[in-house]
Amino acid sequence: MKYIFVTGGVISGLGKGTTAAALGRLLVARGFRVTAIKIDPYLNIDAGTMNPFEHGEVFVMDDGGEVDLDLGTYERFLDVNLSKDHNITTGKIYLSVINKERDGVYLGKTVQIIPHITNEIKRRIAAAAESSGAEIALIELGGTVGDIESMPFLEAVRQMSMEMGGRNGHREFLFIHTTLIPEVGSVGEQKTKPTQHSVRELRAIGIDPDLIIARAERDIEPDIKKKISLFCNVPVEAVISAPNLPSIYGLPMWLEEQHVAEYVLRKLGLAGGVPELSQWKEFYLKLEHPRYFVDVAIVGKYTELADAYISHIEAFHHVGAATECKVNTRFIESEDLEKKGAEKLLSGSDAILVPGGFGSRGIEGKISAAGYARSSNKPFLGICLGFQCAVIEYARSVLGWDKANSTEFNPDSPHPVIDLLPEQREVSEKGGTMRLGAHKVVLEPESLAAKLYSSTTIYERHRHRFEINPELISDLTSRDLRFTGKSEDSRRMEVAELRSNDYFVGSQFHPEFKSRPGRPSPLHMGLITAALKQKYGTT
Ligand code: GLN
């Protein structure tokens with residue numbers, strides 16, 4: 001196992017994860033098995049309890065892990081399915097060390113950051129990397145070098161790299177430092193000083209970066225590369241320019257031109273051939289040269305932060321490349337919809353997505369978005385909470401149950417069409433207790449969903465506490481609404497379709513999490529295909 005450790009300097013939010021993932025793609029393209037681990041130095045055990053406003057979307061894995069959204073980027077770029085132990089947090093580390101202390105594992109010793117916390121960090125990194133069966137592990141440390149929270153992690157990997165040493169002049173452990181090169185003044189002079197400082201900080205901890213990835217507005221000028229090389233003690237060829245690009249999917253090709261993967265492999269003593277990037281390039285070219293244009297309104301309550309819906313946005317990129325269509329995503333704050341009305345804000349869009357969510361704020365706006373889509377035959381996709389909202393709206397408007405609701409929002413509704421999952425009734429702890437992860441869904445053979453998936457058995461990822469109330473299913477399906485996807489025991493309703501509309505589909509699961517370049521989420525694909533058909537008459 002070879003390790004590539006990625007740190008960040010100067011500021012957070014530099015796109016370290018995307019850069020590391022793009023490097024990972026270049027290694028995968030050369031036939032290596034690559035895995036990724038994200039370290040988040042916060043005290044939360046996982047991202048599940050965090051507001052998407054703080055850190056963006058909570059990504060859900062096959063095994064039910066609720067993790068940082070960077071893991072989604074790694075899954076999409078490396079085309080792997082990771083597990084929850086690939087997201088290491090300070091919370092997880094401390095919890096296990098404290099539990100071990102209570103169990104008497106430390107045999108009377110004083111339990112300390114060094115060596116007990118650092119040993120636990122090392123153990124977890126090695127365990128996650130090795131259990132994946134990969135040859136190369138990318139490990140990204142969240143935050144910025146110099147943060148108090150990051151210190152134990154940096155110390156642990158410093159020890160790890162020292163202990164692993166190297167063989168025949170080659171390294172087992174590489175350090176990549178991603179920094180910001182700001183531009184100042186009217187001529188936009190690129191400044192290296194912040195990078196020099198952050199590399200100095202890293203070296204004070206005992207880590208010498210092998211490669212510097214310089215993020216900037218524009219390509220890094222040759223003189224600036226030389227300057228970084230000189231001050232940061234790396235060869236010029238190890239200073240990589242990573243400017244803002246129109247699409248992150250272009251980053252692997254951009255890095256390949258600078259021979260990053262070759263440099264990394266040479267240092268690690270691995271032989272890599274010519275990369276096989278043709279499919280990725282084709283995907284990227286299709287994405288960049290669309291023939292059609294579709295505008296999708298995403299109705300949610302975290303619309304101030306696009307990262308809160310990142311897997312949907314990426315799923316639409318994947319669909320866009322497959323349909324030669326630029327899918328423009330437009331965020332609509334659901335509370336605005338309540339004030340201004342659905343038609344006013346949504347009639348300009350070609351399709352509507354109501355994604356997942358929690359809590360009652362903005363809920364009536366989401367319900368009205370579903371109602372507007374249903375009555376105007378605008379292609380509609382409701383995911384999780386969006387699916388539940390569509391069923392509430394249908395019950396109110398079509399069945400005449402005007403107080404229909406979810407017990408999440410009105411526990412006293414006379415028509416609780418959405419109700420708590422029975423196994424959730426005794427649950428009071430919040431962390432990791434929802435119905436989570438990949439579960440089997442059986443689709444009706446004649447359904448639109450089965451057609452879109454080209455299968456009647458699928459596995460999709462879940463994250464919910466509420467479901468369609470089993471007692472009201474026969475009433476809900478007395479008209480044209482159908483539940484065409486169910487859990488294996490037929491108890492849980494997983495997909496709803498309104499066949500009288502061109503495309504009106506809802507799913508309790510989240511297909512956006514498994515969407516990949518070249519394999520777009522079938523339900524997002526269905527939405528855009530329907531919008532294209534209405535707009536351009538394409539089939
Ligand atoms: N709040 C709803 C539930 O718990 C929907 C969850 C979601 O959209 N992820 O069932």
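Start at 1 and go down the list; that is how both ligands and their atoms are numbered.
- Using a 4.0 Å cut-off between a side-chain N of Lys or Arg and a carboxylate O of Asp or Glu, Arg516 and Glu75 qualify as a salt bridge.
- Scanning all heavy atoms of the two residues, the minimum distance from Val319 to Ser521 falls at CG2-O, 4.3 Å.
- Counting the atoms of ligand 1 from 1 in the order shown, those under 4.0 Å from a heavy atom of Cys384 are 5 (C), 6 (C), 7 (C), 8 (O), 9 (N).
- For ligand 1, the polar-atom distance check finds an N/O of Leu385 within less than 3.5 Å of one of the ligand's N/O atoms.
- At least one heavy atom of Gln388 lies less than 4.0 angstrom from ligand 1.
- Nearest to atom 9 (N) of ligand 1 by heavy atom, out of Met434, Glu408, Arg463, is Arg463.
- Salt-bridge check for Lys339 with Glu335: failed, with every basic side-chain N at 4.0 Å or more from each acidic carboxylate O.
- In terms of polar-atom proximity, Arg465 is counted as a contact of ligand 1, with an N or O under 3.5 Å from an N or O of the ligand.
- Put simply, the residue from His318, Arg461, His312, Glu460 that forms a side chain to side chain contact (heavy atoms under 4.5 Å, CB included) with Glu512 is His312.
- Under a 4.0 Å criterion applied to the non-hydrogen atoms of Gly356, ligand 1 contributes the atoms 8 (O).
- The N/O atoms of Gln508, backbone and side chain alike, include none that comes under 3.5 Å of an N/O atom in ligand 1.
- In this structure, atom 10 (O) of ligand 1 lies nearest to the protein heavy atom Phe466 N, 2.8 Å.
- For ligand 1, one of its N or O atoms has an N or O atom of Gly357 under 3.5 Å away.
- Checked by atom type, the side-chain pair Thr433/Arg465 shows a donor-acceptor distance below 3.5 Å.
- A salt bridge links Arg491 with Glu467; the closest basic N to acidic carboxylate O contact falls under 4.0 Å.
- Minimum heavy-atom separation, Tyr394 to Arg479: OH-CB, 3.1 Å.
- Using a 4.0 Å cut-off between heavy atoms, His510 contacts ligand 1 through its side chain alone, with no backbone atom that close.
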